[in-house]
Engineer: 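Before I ask anything, let me first share the structure, which is written out below as structure tokens.
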Amino acid sequence: MHELSIAQNIVEIVRERVPEKDLPEVSLVRLTIGDLAGVVCDSLEFCYGVITTHTALENSKLKIDRIPARVFCHTCQTVSSTEPSFLLCPACGSADVKLESGTELCVSEIELHARPTEVT
Amino acid sequence: MSVITIERKILEKNDELARHNRELFARLGIFVLNMVSAPGSGKTSILERTLERIKDTTRVAVIEGDVQTDLDAQRVSKYNIPTVQIVTRGGCHLEANLVKDALQNLDLSTIDLLIIENVGNLVCPANYDLGEAVKVVVLSTTEGEDKPLKYPGMFRNASVLIINKIDLLPYVNTNIESLKQNAFQINPSLKVFETSCTTQAGIAEWCDWLGQETDSRKPV
């Protein structure tokens with residue numbers, strides 16, 4: 001249920017980056033979320049929808065790019081994708097590994113509609 | 001359409017506050033633990049057994065995190081040590097700002113060891129750095145050997161695993177060797193203690209380690 005807290009942090013980041021008057025133009029907030037970040041994407045999208053309702057960000061949506069867990073093995077010098085429940089080297093079983101990806105929890109992009117042309 | 005590329009960490013505010021907390025603890029030479037586990041694994045009982053042993057030799061304080069009630073703070077305050085209760089009122093984890101606020105109620109110049117007992121939850125607290133030196137995950141034998149595989153985030157971020165309630169091993173289907181193997185599959189560098197708060201098994205070893213780590217951080 002910490003997805004609500006994460007959604008609030010996303011809204012704060014968007015509000016810091018986009019001028020107040022342009023907030024209704026935000027169409028998409030793109031996130032990068034690793035498989036080890038412990039975030040339920042459906043729940044995050046739901047929470048984001050709830051807290052942006054009746055706000056300037058009401059028309060914006062989340063787009064989530066999932067990143068798999070990957071480990072670099074110091075023993076066999078390979079990078080492999082792996083399951084979050086197995087963080088040893090899937091190729092040789094070595095425990096001498098470094099996590100290369102999977103813990104990401106970032107806002108990567110904010111998309112805005114073109115500013116409407118003012119009718120004179 | 002226009003696109004703003006930003007690459008900002010969603011929890012950067014929490015990370016920033018945690019960094020401040022960590023710098024403060026390092027400057028004052030305070031060893032800080034963040035104890036995490038599922039509800040009912042025995043965090044508070046371990047804390048009680050620990051305080052019984054170390055309170056006369058170590059200047060220790062406790063921050064208790066719970067969704068409701070100050071029952072844990074009441075249990076811990078019997079040992080006459082500084083205790084602060086954080087009630088999250090529904091929040092499923094502690095965040096760095098809550099710890100920062102709680103520190104206002106402690107005289108940090110009189111503390112060498114601070115133990116933060118997080119809200120019982122094996123998912124959410126994994127994402128929130130509090131500024132601790134060490135995250136300690138407690139798993140009791142009644143919870144089953146598969147939990148490290150089901151909640152890898154928590155076991156990957158921890159440095160210490162306490163397997164609690166080992167006195168119940170004859171009565172449950174948990175194989176402690178498989179449990180450890182599962183934990184090492186997620187985090188090969190975990191330091192493991194096996195404890196029972198009923199028989200006191202393993203509590204002395206845990207407290208010895210705690211004492212050594214606390215002493216190593218004291219300002220010279």
Side-chain angles (χ1 to χ4, degrees), chain A residues 1-14 16-19 22 25-40 43-44 48 62 69 71 82-90 93-97 99 102-115, chain B residues 1-17 36 65 67 88-98 118-129 137 145-158 178 180-190:
Chain A
M1 88 151 264
H2 66 309
E3 281 76 8
L4 180 58
S5 151
I6 290 171
Q8 284 165 334
N9 279 277
I10 294 167
V11 168
E12 275 177 41
I13 289 171
V14 174
E16 277 171 23
R17 194 64 183 75
V18 178
D22 294 330
E25 299 300 322
V26 174
S27 54
L28 202 71
V29 181
R30 194 163 191 145
L31 312 176
T32 311
I33 299 183
D35 283 347
L36 274 168
V39 174
V40 180
S43 167
L44 180 58
Y48 184 81
L62 297 181
V71 292
T82 183
E83 289 299 312
S85 59
F86 188 88
L87 297 182
L88 307 181
C89 175
S94 168
D96 188 9
V97 294
L99 196 63
T103 59
E104 295 80 1
L105 188 52
C106 293
V107 177
S108 54
E109 283 179 1
I110 303 170
E111 275 185 27
L112 295 90
H113 294 299
R115 294 289 296 149
Chain B
M1 192 186 82
S2 63
V3 176
I4 305 171
T5 305
I6 56 172
E7 290 300 335
R8 287 259 300 268
K9 279 189 170 182
I10 292 173
L11 296 179
E12 66 178 7
K13 287 223 167 94
N14 184 73
D15 291 348
E16 170 94 23
L17 286 165
V36 293
V67 173
T88 63
R89 299 196 190 285
C92 51
H93 58 274
L94 293 181
E95 297 190 9
N97 67 322
L98 294 174
N118 215 314
V119 177
N121 180 338
L122 271 181
V123 183
C124 313
N127 279 359
Y128 294 84
D129 184 8
V137 59
E145 64 209 37
D146 55 357
K147 292 305 167 290
L149 306 180
K150 289 186 169 180
Y151 302 90
M154 193 61 93
F155 289 83
R156 196 188 67 82
N157 286 341
S178 304
K180 283 194 268 189
Q181 196 182 336
N182 289 341
F184 289 140
Q185 180 174 314
I186 305 296
N187 184 348
S189 58
L190 271 175

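Proteins get letters first, then strands, A, B, ... in listed order; numbering begins at 1 in each. The figures here come from the full heavy-atom set of this structure, side chains too, leaving out hydrogens, waters and symmetry mates.
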Engineer: Taking atom NZ of B:Lys180 as the centre, report whether more than 12 heavy atoms of other residues, nucleotides or ligands fall under 6.0 Å from it.
Structural biologist: yes

Engineer: Nearest heavy-atom pair of A:Val71 and A:Pro90: which atoms, and what distance?
Structural biologist: CG2-CD, 3.8 Å

Engineer: Against chain B, label A:Val39 side chain, backbone, both or neither, depending on which of its atoms sit under 4.5 Å from a heavy atom there.
Structural biologist: side chain

Engineer: Counting only heavy atoms closer than 4.5 Å, note whether A:Val18 contacts chain B via side chain, backbone, both or neither.
Structural biologist: side chain

Engineer: Pick one of side chain, backbone, both or neither for A:Glu16, based on which atoms fall under 4.5 Å of a heavy atom in chain B.
Structural biologist: side chain

Engineer: Where does A:Leu99 contact chain B at under 4.5 Å (heavy atoms): side chain, backbone, both or neither?
Structural biologist: side chain

Engineer: Of all heavy-atom pairs between A:Asn9 and B:Ile10, which one has the smallest distance, and what is that distance?
Structural biologist: CB-O, 3.2 Å

Engineer: Please tell me whether A:Ser5 and B:Glu95 have a donor and an acceptor in their side chains that are separated by less than 3.5 angstrom.
Structural biologist: yes

Engineer: Using heavy-atom distances under 4.5 Å, tell me whether A:Ala69 contacts chain B through its side chain, its backbone, both, or neither.
Structural biologist: neither

Engineer: Would you please classify the geometry between the B:Tyr128 ring and the B:His93 ring as parallel, tilted or perpendicular, with 30° and 60° separating the classes?
Structural biologist: parallel

Engineer: Quick check on A:Ile33 against chain B: is it the side chain, the backbone, both or neither that has a heavy atom closer than 4.5 Å?
Structural biologist: neither

Engineer: Sort A:Glu12 into side chain, backbone, both or neither according to what part of it lies under 4.5 angstrom from a heavy atom of chain B.
Structural biologist: side chain

Engineer: Is B:Lys13 close to chain A through its backbone or its side chain, or both, or neither, when contacts mean heavy atoms under 4.5 Å?
Structural biologist: side chain

Engineer: Taking side chain as everything from C-beta outward and backbone as N, CA, C, O, which of these in A:Ser27 sits under 4.5 Å from a heavy atom of chain B? Side chain, backbone, both or neither.
Structural biologist: neither

Engineer: For residues B:Ala96 and B:Leu17, report the shortest heavy-atom separation together with the two atoms involved.
Structural biologist: CB-CB, 3.7 Å

